[in-house]
Amino acid sequence: MTTDIPKNYLPQEIEKKWYQFWLDRDYFHAKDRSNNPPFSIVIPPPNITGSLHTGHALDNTLQDTLIRWKRMQGYNTLWMPGTDHAGIVTELIMERALVEEGTSRQEIGREKFIDRMWQWKDESRGKIISQLQEIGSSCDWERERFTLDAGLSKAVRTAFVKLYDRGLIYRGDYMVNWCPNCQTAVSDLEVVPIEIEGNFYHIKYNVKNSDEFLVIATTRPETMLGDTAVAVHPEDERYKHLVGQTVILPILERELPIIADQYVDMDTGTGALKVTPAHDLNDYEIGKRHDLETINIFDDNGTLNENAGKEYVSLDRFDCRSKLIKDLQSQQLLLKVVDHLHAVGHHDRCDQIIEPYISPQWYVDVKPLAERAIEASKTGQITFIPDRETKRFHQWMEDILPWSISRQRWWGHRIPIWYCGDCQALTCTVDTPDQCSDCNSKNLKQDEDVLDTWFSSGLWPFSTMGWPENTELLKTFYPTSVLVTGWDILFFWVSRMIMLGLECMGHVPFNQVYLHGLVADEHGKKMSKSRGNTIDPVETIDKYGADAFRFAIVYSTIPLPYMPLPEYQIEAGRRFANKIWNASRFLLMNLEDYDPESSVEINPQLVDKWICSRFDTAVQSINEAFGQFRFSDAAHIIYEFMWHEFCDWYVEMIKQRLYYSDDPVAKYTAQTVAIDILDGTLRLLHPIMPFLTEEIWQQLPVKGESITISSYPEPNQDSKDAEAEMKMRVIMDVIEEIRSIRGEMNIPPSTEIEILIQAPNADTRQILETHLEENMRSFTKFMKVAIAEYQEKPKSAATAIIDDLIVYIPLSDVLDIDEEKKRLQKKLEKTRSELENVEKTLANKNFVERAPKQVIDQKYERKTKLESEQEKILLNLHMFD
RNA sequence: GGGCGGAUAGCUCAGCUGGUUAGAGCGGCGGCUUUACAAGCCGUAGGUCACAGGUUCGACUCCUGUUCCGCCUACCA
């Protein structure tokens, strides 16, 4: 047999071709208006930080799968793509580059720095988009957006002004999480507590005009330079008498009041607490209660300022700590140092230790927005999948704190607030004002800060569709259908979109939120660069092909927080692709005389009816699985059907008709059904493996321009054929038993055997007589099959028992009698133990009285079958005696 | 401190609202150059379903408790 179709599937040559084909035909472009129902997803915009990782591949594969599925179902689908400017992270990358060039952002200035950022954005964006295309993402590229685009910037200003006018945005001096490295405030969510092995430094504070002293235990001795009090618990007998007195702060010799406050825990440390209102959130609260002075001892970059005293000014905070410890030691004021394990906040973008720091910042009072968000979830306007995320969402929303939105950075949306140099009034408008809204002065200066990146991404579901204009696109696609993203950004992003969507649009931004797990390695450990267990998507696609990668991803997407994606799974994806390729190759090679236009009436045989029935079951379960976001299940079902039903059984069984049949209708029927099922299976699979399915589909004798816009299979009750499935079960059982004997008896496939079957039941006999022989030829070489109501057992034969059937395979001299005995003995044991269980159950009065009739009937049936089998096995075993 | 999830074959996971013999992928072992596929085909071995109770005629499945593992959240210096 000759063919020009390669023996192995070679994805590299195929993927680019079809992606371009799809783009050229504009298949991914959504219509602004359509009679078809809408289905829309906005992409979680990747940060323009360089390139994509496996997490992105996962996220976008799932979105593409859903979009392609819905597109094929006839929906007007919009997958809105784009990228995020990602403020701080991207700036850090640029700053590193500048340092390498021997300069810095301060040196080149704000304007030039921003220019450089835009250049970087163009490069990075291009790389990201091409990677998204490599994995096959069917985004509507004509609508691609970037968070700093003019349109989106207008949306940001509009949203800001709206919130400001409602009084929900305010500015003030508060204690924030300050990153001395990035020199900006960061949000609570960006601070990750990391356990570190620190120390408790026990420091002696002498009481003024007394011989007494207090011992203070602290993990951060350098902050003592900003101490303005010492606090004890009001009921602490050890210290009660000292309250109201004064201690002398070591080194600076400042006088500090001893105060009593409920906050102090008597059992922690020494029970005496140094109070540094400027550098600790709790101390800040104590300070407010007791009207204490607030002394800031740090500069923006984490070095000590002049308030720290001459000895320490300009030192880095950790150098200061070391020096201070030495100085205290030399003055005998450091009593002891104890190991102490405690959690310290680190900035998740740069890993530096966060400093609590008082500074002027802008805030959104999100409490009222959060209440609406909770309401939207409780009333079912928005649902989370998996359901456990709903609770997480509620908990966080209920305890929400004001959102600090100003960042002391340059790359981002500058806050639309202008300060008047004359009357000090604030002007907040969407369009850049040319005069003060209060006194009309032209002496205006815009706020230097930019907004938190999440502020602009929070508007993404509608800013990308043209808001604040009331566009056709918004009317058609807002609220979007589903948001697909990792559970780790539920608070960062999803929650903000929900709040801002409700506020700006009056509706939730999406009806469903599917939160997938994070990609892990084969041992369930999260993939991370520091662990060195990452998989590079580009390399993976080069090596295995995009479809194999996608299949592995969908197959692995389980509803757990971490999902293993081992390399062997991607290999399995490649093998699956190759299997489909070859099955298709085989069918295509057998279509030389096939005329799809033929008027010949097909005449389906048992296997044809069977595969159609099985296909229908697959169609039904896959549609259900996708509808419930059970991605792994969908992939399993299609894999099982394609490989183990279509390839292993159906294709094998029709070989007879394709190769040897002299009945043209029989052959034509096999071709027609095979092509039909292959066509349907490819369409089922297309959302998961778009390239391979398109390549094959284009070669099939089926009508249509592209599988991408063909229809997705729907369940069809008419295809269900329980009788065909039952009959095929009998045939398959017999074939499997024969194969098992061949395997265990080591009979080479080339050896022809004789098969004798005893089938006392007339119906079963009929099935075997009609269908066995023709369907068995592809599976085993035999010279003769004899089916009868009763068969005399040949002298030395291997025996298989299936229900009331006995299959004999005479093996005159080759039969290993001991092996055969062992085989039967094993089967007997299995049958006997199960039979005992069934008998025990049926002997139980309570069972017979209370169990449903259906279950009881099943048990009786099972019992009959087992008894029949046992009896026959025993009979055959006795023949050896 | 509060909350969530997990514990099933050597590894990673399925097993839905309790009901025949607990499955898959990968791996193991044995056999096949069968003309679609060795990235394949056939056969086969592995599990007292973490532990202890309870509900039930019946529990991997439901309930309670215990032990591990992972995660989220929280201001204990």
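Note on naming: letters A, B, ... go to the chains in the order of the sequence lines (proteins, then strands), and numbering restarts at 1 for each one.
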Give a yes or no on this: more than 12 heavy atoms of other residues, nucleotides or ligands lie within 6.0 Å of atom CD of A:E398. yes
- Query: Counting any heavy atom closer than 4.0 Å, what does A:Q395 reach on the DNA or RNA strands: base, sugar-phosphate only, or nothing?
  - Reply: sugar-phosphate
- Query: Hey, does the side-chain of A:Y568 have a donor or acceptor N/O within less than 3.5 Å of a partner on the base of B:G25?
  - Reply: yes
**Request:** Tell me what A:Y263 touches on the nucleic acid: a base, only sugar-phosphate, or nothing, going by heavy atoms under 4.0 Å.
**Result:** base
Identify all pairs in which a protein N or O lies below 3.5 Å from an N or O of nucleotides 41-43 of chain B, and state each distance.
unit_1: B:C41; atom_1: OP1; unit_2: A:K579; atom_2: NZ; d: 3.0
unit_1: B:C41; atom_1: OP1; unit_2: A:W643; atom_2: NE1; d: 2.6
unit_1: B:C42; atom_1: O3'; unit_2: A:R739; atom_2: NE; d: 3.3

Suppose you measure atom C1' in B:G47 against the same atom in B:A9; what distance do you get, rounded to whole Å? 5 Å
- Message: Parallel, tilted or perpendicular, judged at 30° and 60°: which one describes the rings of A:W396 and A:F491?
- Response: parallel
In RNA chain B, consecutive runs of at least three Watson-Crick or G-U pairs below 3.5 Å, as range with range, amount to B:1-7 with B:67-73, B:10-13 with B:23-26, B:28-32 with B:40-44, B:50-54 with B:62-66
Q.
Which label fits A:Y562 and A:W487: parallel for a plane angle under 30°, tilted from 30 to 60°, or perpendicular past 60°?
A. perpendicular
Next item on the list: Report which part of the nucleic acid A:E567 touches: base, sugar-phosphate, or nothing (heavy-atom distance under 4.0 Å, all strands).
Entry: nothing
Applied to residues 628-637 of chain A, the salt bridge (charged side-chain N to carboxylate O under 4.0 Å, His left out) test, sequence neighbours excluded, yields A:R630-A:D633
inquiry  = Regarding A:P748, tell me which of base, sugar-phosphate or nothing describes its non-hydrogen contacts under 4.0 Å with the strands shown.
reply    = nothing
For B:G58, take OP1 and OP2 only and decide whether either is under 4.0 Å from a side-chain N or O of A:K859.
-> no
Residue pairs meeting salt bridge (charged side-chain N to carboxylate O under 4.0 Å, His left out), one or both in residues 385-397 of chain A, sequence neighbours left out, come to A:E389-A:R392
With syn defined as a glycosidic angle within 90 degrees of 0 and anti as anything else, the base of B:G46 is syn
* Asked: Do the charged groups of A:K863 and A:E867 touch, with an N to O distance under 4.0 Å?
  -> yes
Show me the donor-acceptor pairs, under 3.5 Å and distance only, between side chains in residues 639-646 of chain A and residues at least two apart or in other chains.
unit_1: A:H644; atom_1: ND1; unit_2: A:D648; atom_2: OD2; d: 2.8
unit_1: A:E645; atom_1: OE2; unit_2: A:R614; atom_2: NE; d: 2.9
unit_1: A:E645; atom_1: OE2; unit_2: A:R614; atom_2: NH2; d: 3.4

| task | Classify the nucleic acid contact of A:R574 as base, sugar-phosphate or nothing, counting any heavy atom under 4.0 Å across all strands shown. | result | base
Considering only nitrogen or oxygen atoms on both sides, find all protein atoms under 3.5 Å from nucleotides 4-8 of chain B and state each distance.
unit_1: B:C4; atom_1: OP1; unit_2: A:K391; atom_2: NZ; d: 3.3

Does the side chain of A:R220 get closer than 4.0 angstrom to OP1 or OP2 of B:A77 through an N or O atom? no
Under 4.0 Å between a Lys/Arg side-chain N and an Asp/Glu carboxylate O for A:K826 and A:E829?
no
Exercise. Does A:K822 come within less than 4.0 Å of A:D818, counting only side-chain N to carboxylate O?
Worked result: no
